[in-house]
Structures are given as structure tokens and as C-alpha cells.
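Structure first, commentary second.
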Amino acid sequence: MAKVKTTFFCQNCGSQYAKWQGQCTACKQWNTIAEEVIQKPEKSNWKPQGSSTKRVSKPLKINEIDTSQEARLNMHDAEFNRVLGGGMVQGSLTLLGGEPGIGKSTLLLQIALKLNYKTLYVSGEESQKQIKMRAERINPNDNSCYILTETKTQNIFKQIEALEPDLVIIDSIQTLHSDYIESSAGSISQIKECTTDLIKFAKETATPVLLIGHITKDGHIAGPKILEHMVDTVLQFEGDRNHVFRILRAHKNRFGSTNELGIYEMQGSGLREVSNPSEILISEKDGELSGNAVAATLEGLRPLMIEVQALVSTAVYGTPQRSATGFNAKRLNMLLAVLEKRAGFRLGAKDVFLNITGGITVDDPAIDLAVVAAILSSNEDVALPSDYCFAAEVGLSGEIRPVQRVEQRILEAEKLGFSSIFVSKYNKISIKNTQIKIQLVSKIEDLIGFIV
């Protein structure tokens, strides 16, 4: 019999202690250490087929290592493939996290129904009938996806051994439990043990595994931080349930870049891939309205055109209000101070409200110029031409500073039919013969001449 022992784990960061204490010395959180009964397994949950003998790795010279491209599975989803770096690498383990109800299960089930190779979808949260009802709404004619409702890893590996799928999806890792660990499902030791067995299975059989992970109220993946270190790829599914757009980001990717992102639109029939989000994020208007400006921003490596809305009005309650949705409020206060000090606009006694349309949050400093243009437009009640866009950072001295990859922003604006783009005079621009007019500005006073 294996020896049973008790140990203490921090439920926030996963640090292990020999006895209970009030504060975790690793993450400095109080009252997060809990006792768990663990039992070291005599055998692993996953037993590879064939001989029990294992090959011993040998050291190789670095120039003798095979650097051929990893084989990838096409997920039949352009946005998902882009974020992964071209597809799912065989034998990889991918972790997908996100808010409850944001669409994690819908996204992976939708991908599983599109694939033309054998897929096993393991759910520990829903019954087979519930998944069937959702699958009929997404893709009613699929017959290559197998559904299993099970939480015990021993039973899951038995079904995997019998079915031999090409892809395994686990929904979710916090619901799995192993007989070799006596603590409850979702505990630190259970998550580590189940993830270790799934990694061993994925590497030894070259079968890719997709995991869904719960998140805490702070937005981090629930469970020990070591979970994110163990897997090959960590994806985050973001968005606001009050809006239809969802953004898929890669926080960690051993097989590709973490700068790419995928954009989806939530519909009744599932998630629709958005190939050109700029046209959706820019609202259609019958006439030109004051306080609206379009910014050329970048999300990862992808250029986006977003609409910035500003409202400037006289402060009714005495103390001026400063409110920003989708934009850093402290940066808004900084830009207002620059306008007051360097450009002479008296905004100290006025309410200023700022909104980034589409329900997205942007932290790119290149939208500073669009924010300033929208504020000035609303303050003077002068509408900006709808075919103007902006891409520059504003400094504390009122200077217009250059931004990265400005040529990519210019080409995106030209593709969407804008006639003029305002950029910093200090940007080095090598592209020529563009149909869009590139307006070079060096300080805020230059911009005011075009607006007022």
C-alpha cells in the first residue's frame, strides 16, 4: 500500500508547507493555506501501450538536433489557427481560460464539430444531452466527435485507449480527479496529478490535448501557478457578456508568437470568426457627429481601426467628472492637463466622458492623438471628417511622438478607405505612392489647425 500523508497547500499559488501557517510566504496572501490528504501513486494513471521498457534520452550536439517543422493539425478555424501559430502541434497541451459564460466550451465544441478526424470531448460539467443540444445548434450534421461525461482520470484513459482519438478536449481540468489522490476535485494536488498524467499521455502518443481552466475573481487561472508552467500553450478568452465580441489571446506559446489574437462574434448559432474587425468596430452613422474620432491601433500584430467617442460638457455639480470606458482614466487626465497647459483649452471646469466603442479595452499609446481629437471636437462642437484617422502618441510637452509599425497602420487605413491619417512628423515612413494622404504633425497646435 502507498503511504498516506497530510500536507498543506496555498490555494492561491500552490506553495507546499509542512504545517499550517496564517500567511503564505510566497504570495503574501492570508488564510489561503489548507490541509490536503495526498497519497503518492504506485503506478501512473496513463500506461503506454506496448513494452514497459522506456528509451533513455541521450545527449546530442546542438547541431545534430532535428529542427524540422513540428507537424500541426489544422483546426479549421482561421482565428484559432492564427493564435496557435498555424495549427495545433501534435503532442502539445493547451490550456484555455476565461470568465464563466464567456463561451469557452462553445468555442472548443464548435472546433471539435468542424474537424474531420476523430475527436474525444470529455465533459465533467455537462451531461451528454446538454452537449448534444448545443451541438445541434452549432453543427447538427457532425458524426466524427465523440462525447464522454466522466471525471475520473482512470476511466478517461481507458476510453482513450479503446477509442484512440486524434484530439482530446477536457472540460474542465478542475473537475477531474484521480483515485491515487484522496483530496477533492479542484484541489492543488488533484490538478497537478491529473495534468501530469495528461502531459505524459500527450507526449508519449503525440496526441494534442486541449484543457479548459476555470479562473479566479482576479482573472487568473484557478489552481497552482505551476499549471501554466506545465502546459505548452496558455490561451485567454476575453470579452464582455454585454457585447457580442470575444478576443482570443495567447499568454504563453512554445510553438509560436504570443502577439497574435483572434476575434469572434457571439451569435445564436455559435461563435463567428471576424476576419475584418475594423469595419465592425467603426459604427455606421447617417451624418457626421462631433466628438468622434477613429484611431489606428494594434492588437498584437493585427492592425485595428477603432472609434473613440468623447463628450465635453459644463460641470453641473461643481466638481468636474472624468470618466473613461475602455481607456486608462489616469492617461485621460494626463491628456486633459496637456490640452490645458500647452494648448490653452479651459477644460478644468468641464465634465469629460470618453468611450471606446465595441466594448473593448485598449492600452496602445498610439490612440492618444485620436483621444485628443475627439475631446477637441466635442469641446468646439465641430464634427471631424469621417475619413480622418489618427495614429500617434502625445507627450507631456504637447509634442506628437512616433509609434511603432506606423506603416502597417497606414496600409490598414488605406485599405478601409480613409482619405487622411495623422501621424508624427518624426516617424520614418518608407512607403510611397499611397492613395491615403499622410498628414505629418509635430505638436498639438498643428492638429488644432485641422480641427478648429
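In this chain, numbering begins with 1 at the start of the sequence shown. Remember, predicted model here, so these are calculated numbers, not experimental data.
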Please answer whether the main-chain N or O of [Y] pairs with a side-chain N or O of [X] as donor and acceptor at a distance below 3.5 Å.
X: Lys350; Y: Thr314; answer: no
X: Glu407; Y: Ser430; answer: yes
X: Ser378; Y: Val312; answer: yes
X: Trp30; Y: Gly22; answer: no
X: Glu125; Y: Asp171; answer: no
X: Ser290; Y: Val382; answer: no
X: Arg272; Y: Met266; answer: no
X: Thr195; Y: Lys192; answer: no
X: Asp351; Y: Gln321; answer: yes
X: Glu340; Y: Ala337; answer: no

Is any side-chain heavy atom of [X] less than 4.5 Å from a side-chain heavy atom of [Y]?
X: Ile199; Y: Met230; value: yes
X: Val294; Y: Phe418; value: yes
X: Ile367; Y: Ile356; value: yes
X: Gln190; Y: Leu176; value: no
X: Ser424; Y: Leu440; value: no
X: Ile306; Y: Thr357; value: no
X: Ile400; Y: Lys425; value: no
X: Glu380; Y: Phe345; value: yes

Quiz item: Are Ile212 and Ser105 close enough, and set up right, to give a side-chain contact (heavy atoms from CB on, under 4.5 Å), and what steps lead you there?
Solution: CA-CA 8 Å; Ile212 291 179; Ser105 301; 3.9 Å; yes
Say whether [X] and [Y], considering side chains only, have a donor N or O and an acceptor N or O under 3.5 Å apart.
X: Ser184; Y: His177; answer: no
X: Asn74; Y: Asn81; answer: yes
X: Glu399; Y: Ser442; answer: no
X: Ser92; Y: Asp232; answer: no
X: Asn253; Y: Thr258; answer: no
X: Glu126; Y: Thr149; answer: no

Quiz item: If you take all heavy atoms of Thr106 and Gly270, which pair is closest and at what distance?
Solution: CG2-CA, 4.4 Å
Quiz item: Applying the side chain to side chain contact (heavy atoms under 4.5 Å, CB included) test to Val209, which of Ile173, Ile170, Leu167 qualifies?
Solution: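 It is Ile170, the one option of Ile173, Ile170, Leu167 that forms the side chain to side chain contact (heavy atoms under 4.5 Å, CB included) with Val209.
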Determine, for [X] against [Y], whether the closest basic-nitrogen to carboxylate-oxygen distance falls under 4.0 angstrom.
X: Arg331; Y: Glu393; result: yes
X: Glu99; Y: Arg246; result: no
X: Lys114; Y: Glu273; result: yes
X: Arg249; Y: Glu299; result: yes
X: Arg409; Y: Glu412; result: no

Practice problem: Could you tell me which residues satisfy side-chain contact (heavy atoms from CB on, under 4.5 Å) with Thr207, sequence neighbours excluded, listed by chain and number? | Solution: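 Expected list: Val168, Phe201, Thr205.
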Quiz item: Which residues satisfy the side-chain contact (heavy atoms from CB on, under 4.5 Å) test with Lys252, sequence neighbours excluded?
Solution: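 side-chain contact (heavy atoms from CB on, under 4.5 Å) check on Lys252 returns Val234, Arg254.
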How long is the span from the [atom1] atom in [X] to the [atom2] atom in [Y], to the nearest 0.5 Å?
X: Gln29; Y: Cys24; atom1: CD; atom2: SG; answer: 8.0 Å
X: Leu261; Y: Leu235; atom1: CG; atom2: CG; answer: 11.5 Å
X: Leu248; Y: Phe80; atom1: CG; atom2: CZ; answer: 6.0 Å
X: His76; Y: Leu113; atom1: NE2; atom2: CG; answer: 12.5 Å
X: Arg137; Y: Lys132; atom1: CZ; atom2: NZ; answer: 13.0 Å
X: Phe245; Y: Leu271; atom1: CZ; atom2: CG; answer: 12.5 Å

Exercise. Kindly determine whether Thr7 and Gln16 satisfy side chain to side chain donor-acceptor pair (under 3.5 Å), including the steps that lead there.
Key: CA-CA 7 Å; Thr7 190; Gln16 185 175 351; 3.1 Å; yes
Practice problem: Before giving the answer on side-chain contact (heavy atoms from CB on, under 4.5 Å), spell out for Leu347 and Asn379 the whole-Å C-alpha distance, their side-chain angles and the decisive distance to 0.1 Å. | Solution: CA-CA 9 Å; Leu347 301 174; Asn379 185 58; 3.7 Å; yes
Would the number of heavy atoms belonging to other residues, nucleotides or ligands and lying under 6.0 Å from [atom1] of [X] be above 12?
X: Arg401; atom1: CZ; value: no
X: Lys118; atom1: NZ; value: yes
X: Gln435; atom1: CD; value: no
X: Gln404; atom1: CD; value: no
X: Leu396; atom1: CG; value: no
X: Lys203; atom1: NZ; value: yes
X: Tyr117; atom1: OH; value: yes
X: Asn63; atom1: CG; value: yes

Quiz item: After noting the C-alpha distance and the side-chain angles of Leu120 and Ile169, does the key distance pass the side-chain contact (heavy atoms from CB on, under 4.5 Å) rule?
Solution: CA-CA 6 Å; Leu120 177 62; Ile169 298 174; over 6 Å; no
Practice problem: Kindly determine whether Glu79 and Arg302 satisfy salt bridge (Lys or Arg N to Asp or Glu O under 4.0 Å), including the steps that lead there. | Solution: CA-CA 12 Å; Glu79 302 295 304; Arg302 193 172 186 180; 2.8 Å; yes
Quiz prompt | Pair Thr119-Asp166, side-chain contact (heavy atoms from CB on, under 4.5 Å): steps then yes or no | solution = CA-CA 6 Å; Thr119 306; Asp166 299 315; over 6 Å; no
Quiz prompt | Inter- and intrachain pairs under ring-ring contact (aromatic ring centres under 6.0 Å, His included), touching residues 374-398, at least two apart | solution =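 As it turns out, the ring-ring contact (aromatic ring centres under 6.0 Å, His included) pairs with a partner in residues 374-398, which skip direct neighbours, are Tyr388-Phe422, Phe390-Phe422.
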